Undergrad: 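Input: one structure, supplied below.
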Amino acid sequence: MRIGSLILKNSLFLAPMAGISDLPYRQIMKAFGAGLVFTEMVSANGLVYEGRRTRELLRSNATEGPLGVQIFGSDPDILAQAAVLVENDGDLLDINMGCPVKKVVRSGAGSALLREPKRVARIIRSVRRATSRPLTIKIRSGWDHSSENYLEIGHIAQEEGADAVTLHPRTRAQGFSGKSAWEHIHALKQRLRIPVIGSGDIFDAEDALSMRAGSGCDAVMIGRGGYGNPWLLRDILELEKANARPSAPSREDRLRVVLRHFDLHLEQFGPVRTLGEMRKHLCWYSRGLCGASSFRAQVNSSRGVDELRKATRAFFLLEP
Ligand SMILES: Cc1cc2nc3c(=O)[nH]c(=O)nc-3n(C[C@H](O)[C@H](O)[C@H](O)COP(=O)(O)O)c2cc1C
């Protein structure tokens, strides 16, 4: 799999997810086989005008590469300046053109850009001039059902020099409701010469294979399906390679990964933030297991990381 000058070991990517895809999460997903991981979206204005605080989101280390850095904004010049500022923070640059969040859209960024194809062209042109890094954009199908224009936006991106396009085939108006329209990924793949990456509703290994077979996409991206389930990546890679799905992880297997995630988090962010963030991950890691609902209550009432870790060990090892 190749995107511009970047050669990747496979075509299974971790989605950029604000509030989720931080360094520890990416390290876990990388260990389970992700061929490319993405940062959370980072504000171009923040990078240009605030600097240090925004750069926190770009924390990285050598174990997780190759890394895609995602930026968002609406001004072509500022996005180009931001592209230069992050040039050494990752191996690939992605521009967010799909975020549906009100605050982002009100600033003219994210999915608001889908309503301004000319601006999209100006943005990609000016960022392309500013950096020689592989450049991708991530879009939705359109603003709403009556204005689906992913084919037009994808084509603009290609003509302005983008190296690949990721499509999450829902409109901005849909948010996360309904099902993602994988047939849009197929149509985009038919339209473009550059690689197309499919994102949306991959919750088990078979989903990934169906998206690939049905759409012909060059890579698939894992988002919510990876919550508490990095084994999904391993399962997809195994199913593709050996046509067999490995057995489900035992509680001990899960504990090992959870504790690793815990330690990576503590190392990066310290105990206060780890307590808050790991609560969410632990609820996901325990989903579907016997005793999960009382564990979740314990997780949410734990007052410190030591108490949380103790409860975690006891739950996964089924200790009384
Ligand atoms: C909590 C959350 C945060 C997200 N943040 C981003 C983001 O920062 N940038 C982006 O391009 N997409 C973002 N997305 C969209 C995902 O990258 C992905 O395209 C979408 O969730 C569909 O894939 P899925 O069904 O596999 O989750 C986010 C999605 C979720 C659920």
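Counting starts at 1 for both ligands and their atoms, in listed order. Everything numeric here is computed off the predicted structure, so don't read it as measured data.
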Undergrad: For this output row, return yes or no: ring centroids of His168 and Tyr150 closer than 6.0 angstrom.
TA: no
Undergrad: Could Glu238 and Lys241 be called an ion pair, given the rule that one side-chain N must be under 4.0 Å from one carboxylate O?
TA: yes
Undergrad: Quick one, list the residues around ligand 1 where some non-hydrogen atom comes in under 4.0 Å, by chain and residue number.
TA: Ala15, Pro16, Met17, Ala18, Met41, Gln70, Asn96, Lys138, His168, Phe176, Ser199, Gly200, Asp201, Gly223, Arg224, Tyr227
Undergrad: If you measure from the Lys or Arg side-chain nitrogens to the Asp or Glu carboxylate oxygens, is any gap between Arg224 and Asp201 under 4.0 Å?
TA: yes
Undergrad: Does the cation-pi check pass for Arg273 over Phe269, that is, NZ or CZ under 6.0 Å from the six-membered ring centre and within 45° of its axis?
TA: yes
Undergrad: Under a 4.0 Å threshold between the charged nitrogen and the carboxylate oxygen, would Glu50 count as salt-bridged to Arg55?
TA: no
Undergrad: Give a yes or no on whether the ring-centroid distance for Tyr25 and His265 is below 6.0 angstrom.
TA: no
